[in-house]
**Student:** 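Below is one structure. I have some questions about it.
When a ligand or atom number is given, it counts from 1 through the structure's own listing order. Only heavy atoms go into these numbers, but all of them, side chains included; no hydrogens, no water, no symmetry mates.
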Amino acid sequence: MTEQSATLNLGEKNANLPVRKGTIGPDVIDIGALYKGTGAFTYDPGFTSTASCESKITYIDGDAGVLLHRGYPIEQLAEHGDFLEACYLLLYGELPTAAQKKDFDYRVTHHTMVHEQMSRFFTGFRRDAHPMAVMCGCVGALSAFYHDSTDITDPHQRMVASLRMIAKMPTLAAMAYKYHIGQPFVYPKNDLDYAANFLHMCFAVPCEEYKVNPVLSRAMDRIFILHADHEQNASTSTVRLAGSSGANPFACIAAGIACLWGPAHGGANEAALNMLQEIGTVERIPEYIARAKDKSDPFRLMGFGHRVYKNYDPRAKIMQKTCHEVLGELGIKDDPLLDVAVELERIALTDEYFIEKKLYPNIDFYSGITLKALGFPTTMFTVLFALARTVGWIAQWNEMIEDPQQRIGRPRQLYVGEPQRDYVPVSKR
Ligand code: CMC
C-alpha cells in the first residue's frame, strides 16, 4: 500500500506532509516538517483539528456516540466490570486475570491511608473553602510527602506514584468533604471495596455504625468507571503538558484538577444541578430554553453539548439508568429536579436549535441528580469527577513518559501585538 501524503504550497515554498493512519478514526496529517518546509505555523485555537499525541488508551467516535477504553466499549465495562478493573485496563492495556485483579486490588487497598501530617495540612484551609480548592492544594502537596516516588525516569517509582494516587484520592476527597462540613476525618477501611470505602469515609461518623448500601456503592463505582478517562480533553492535555517538562506526577495531577474545575469541563456537573435548581419547575423551562438560544445572553444549558460528541454521550445513557436505580433504591419517587431534567431533555432533544447544533445531554446532565441523591453537596461533584479521572490522567501521563517521541510541549503563536519600538522615558510619555 502506498503511503499517503498531503502537500501544502505556500508561495514558492512547499511541504510534503505524511498522512498517518490510526487503528480506527480519522487520518492525521503529520505537520512536524511544516515549519521547516514553509516557515509557517498552523493556527488552531481550541485544538479542534489538532492531534497532540499518539495514544493507545481511549477512542471516541463523537458522531456515532462511541467510547472505547483499550478497545472495550464503556457500556460493557460499566455493566460487567468494576472501577479497579477499569483502572488496571487503562494502566496496563489489558483486562486483568483473576490473580492480577486480586493483586492489583490488594496493592491499591494497601495504599489508601495518607501520611498523618496531611490532616494538619487540611486544617490550614478555611472551612468554607471550595473542596476543589482544597484538592488542588492537597494533591499538589503529596509530592512533599512521597519523595520516594517522584523520579519519573524510574518505571517502578512511576508505578508506585500511580497506585498511590489512585488509592489516596478517595481518602483526600473524603477528607475535603468532612473538613467542609465540620465532621472528623474517617480512616479508610481495607475490608471494603473501593467505592464502598469511599462512601464510608464520606458518610460514617464515629458515634454510630454506618453500613454501606451495596446498590449505592455499585452506583458510585459505575460513576467512577464512566469518568475514568476521555482521551485528550482539557484536563488530560493539561496533565500531559505539565508532565512534558519532567514535573513530578503529583504536581501534574494537581494541574489536571485545577483545569477540571472549570464550568465548561468537570465543573459542569455542579453547574448543571445549580441550573436545574434555578429553573425549579417544569413551567419555567421554555424561558431557559429561550435564553440558551439567545446570542446576546451568555446562558448555556449546562449538561448539554460536547466538543467531541455530536450524538448522545454514551456515558449519559448509563448515567441516566444509574440515576433511576439510585432514586429507586432510596425511594425518591417525586424529585422535582428529576421532573425538570426529564422534561428539559425531552424539549431540547426535539428543539430545532439543539438538533441543528447537535447538542445532546452529556454525562454531567444526570450525574448531578444522582450525586445529590447519594448525599453529596454540589460542591463535591467535581471532586468526585477528579477522583475518578485520576486514573485516566495517570495512564496518559505514563504513556507520554514512555513515548520515545516525547518532548516538552511548546506551542507557537500568531503574534498580533506591537512590532518592535523604542523605549520612551517616563517623563516623555
Ligand atoms: N447551550 C446552548 N448553546 C450551546 C451549548 C449549550 N450548552 N453548547 C454549545 N452551544 C452552541 C454555541 O452557542 C455555539 O453556537 P453558534 O454556532 O451559533 O455560535 C454552538 O453550539 C457550538 O458551541 P461551541 O461552544 O463552539 O462548542 P465547543 O465544542 O467549543 O464547546 C462545550 C463544548 C461542552 C464547552 C459546550 O457545549 C458547553 O459549554 N456546554 C455546557 C457545559 C457542559 O455541559 N460541559 C460539560 C462537558 S462534558 C464533561 C467533560 O468532558 O468535561
Side-chain angles (χ1 to χ4, degrees), residues 44-50 57-63 65-67 69 74 132 223-239 256-279 285-320 341 344-345 347-371 378 381-393 396:
D44 183 19
F47 305 112
T48 53
S49 295
T50 299
I57 301 173
T58 292
Y59 173 76
I60 302 174
D61 181 337
D63 293 324
V66 168
L67 169 61
H69 291 318
I74 187 68
M132 276 299 272
I223 292 171
F224 291 157
I225 298 174
L226 296 182
H227 288 87
D229 191 50
H230 214 225
E231 56 120 301
Q232 309 312 319
N233 56 83
S235 57
T236 302
S237 300
T238 301
V239 170
I257 293 174
C259 176
L260 186 76
W261 194 3
H265 192 7
N269 52 13
E270 183 176 345
L273 194 84
N274 289 339
M275 178 194 75
L276 292 176
Q277 269 160 346
E278 190 187 313
I279 298 176
I285 294 174
E287 178 195 329
Y288 282 84
I289 296 267
R291 283 187 62 195
K293 292 186 205 171
D294 182 356
K295 281 259 159 263
S296 58
D297 189 330
F299 175 77
R300 282 188 169 199
L301 275 194
M302 299 316 279
F304 273 80
H306 198 274
R307 168 60 63 79
V308 182
Y309 293 119
K310 301 303 169 196
N311 198 327
Y312 217 109
D313 179 341
R315 303 168 303 170
K317 283 191 190 153
I318 309 167
M319 186 55 84
Q320 187 189 39
L344 186 63
E345 181 184 10
I347 295 178
L349 288 177
T350 49
D351 188 290
E352 212 28 61
Y353 174 92
F354 289 86
I355 294 171
E356 193 229 313
K357 296 190 188 304
K358 300 189 174 165
L359 297 170
Y360 290 85
N362 59 48
I363 187 169
D364 291 325
F365 191 60
Y366 279 102
S367 69
I369 302 172
T370 318
L371 296 174
T378 46
F381 292 0
T382 316
V383 173
L384 301 180
F385 192 159
L387 185 173
R389 182 56 58 85
T390 295
V391 65
W393 291 330
Q396 301 267 354

**Student:** Of all the atoms in ligand 1, which lie at a distance below 4.0 Å from a heavy atom belonging to Gly266?
**Tutor:**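 Close to Gly266: 52 (O).
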**Student:** Measure from atom 2 (C) of ligand 1 to the protein's non-hydrogen atoms and state whether any distance is below 4.0 Å.
**Tutor:**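 Yes, there is a protein heavy atom closer to it than 4.0 Å.
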**Student:** If you measure from each non-hydrogen atom of Arg307 to ligand 1, which part falls under 4.0 Å: side chain, backbone, both or neither?
**Tutor:**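 Both backbone and side chain.
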**Student:** Within a 6.0 Å radius of atom CZ on Phe47, are there more than 12 heavy atoms belonging to other residues, nucleotides or ligands?
**Tutor:**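 Count not over threshold, so no.
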**Student:** Considering Gly305, Ala272, Pro361, which one's heavy-atom position lies nearest to atom 34 (C) of ligand 1?
**Tutor:**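 Residue with the shortest heavy-atom distance to the ligand atom: Gly305.
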**Student:** Measuring to protein heavy atoms, does anything land under 4.0 Å from atom 26 (O) of ligand 1?
**Tutor:**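 When distances to the protein are checked, atom 26 (O) of ligand 1 has no heavy atom within 4.0 Å.
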**Student:** What part of Lys293, side chain from CB on, backbone N/CA/C/O, both or neither, has a heavy atom under 4.0 Å from ligand 1?
**Tutor:**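 No part of Lys293 is near ligand 1 at this cut-off.
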**Student:** Provide the number and element of each atom of ligand 1 under 4.0 Å from a heavy atom of Ala268.
**Tutor:**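 Heavy-atom distances to Ala268 below 4.0 Å select 43 (C), 44 (O), 45 (N), 46 (C).
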**Student:** Asn233: heavy atom below 4.0 Å from ligand 1, yes or no?
**Tutor:**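 It does not, in that no heavy atom of Asn233 comes within the 4.0 Å cut-off of ligand 1.
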**Student:** Should Leu301 and Leu359 be marked as a side-chain contact (heavy atoms from CB on, under 4.5 Å) after you check the CA-CA gap, both sets of side-chain angles, and the distance that decides it?
**Tutor:** CA-CA 10 Å; Leu301 275 194; Leu359 297 170; over 6 Å; no
**Student:** Is ligand 1 under 4.0 Å from a heavy atom in the side chain of Thr48, in the backbone, in both, or in neither?
**Tutor:**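 The answer is neither; Thr48 stays 4.0 Å or more away.
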**Student:** Are any of the N/O atoms on Ile363, whether in the backbone or the side chain, positioned under 3.5 angstrom from an N/O atom of ligand 1?
**Tutor:**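 No: no nitrogen or oxygen of Ile363 is under 3.5 Å from one in ligand 1.
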**Student:** Can you name the nearest heavy-atom pair linking Asp364 to His265, along with the distance?
**Tutor:**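 In terms of heavy atoms, the two residues are closest at OD2-O, 3.8 Å.
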**Student:** Using a 4.0 Å cutoff against the non-hydrogen atoms of Ala292, which atoms of ligand 1 qualify?
**Tutor:**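 Heavy-atom distances to Ala292 below 4.0 Å select 2 (C).
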**Student:** Suppose the criterion is side-chain hydrogen bond (donor to acceptor under 3.5 Å, both in side chains): which pairs have a residue in residues 300-318, not counting sequence neighbours?
**Tutor:**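 Residue pairs with at least one partner in residues 300-318: His230-Tyr309, Tyr312-Glu345, Asp313-Arg315.
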**Student:** Using a strict 4.0 Å cut-off to heavy atoms of Gly303, name the atoms of ligand 1 that fall inside it.
**Tutor:**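 Every atom of ligand 1 under 4.0 Å from some heavy atom of Gly303: 43 (C), 44 (O).
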**Student:** Protein heavy atoms near atom 18 (O) of ligand 1, is at least one of them under 4.0 angstrom away?
**Tutor:**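 So far as the 4.0 Å threshold goes, atom 18 (O) of ligand 1 is in reach of a protein heavy atom.
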**Student:** Should you measure from each heavy atom of Asp364, which atoms of ligand 1 turn up under 4.0 Å away?
**Tutor:**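 Taking each heavy atom of Asp364 in turn, ligand 1 has 46 (C), 48 (S), 49 (C) under 4.0 Å.
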**Student:** Examine the proximity of ligand 1 to Tyr353 and report which part, side chain or backbone, both or neither, has a heavy atom under 4.0 Å away.
**Tutor:**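 Answer for Tyr353: side chain.
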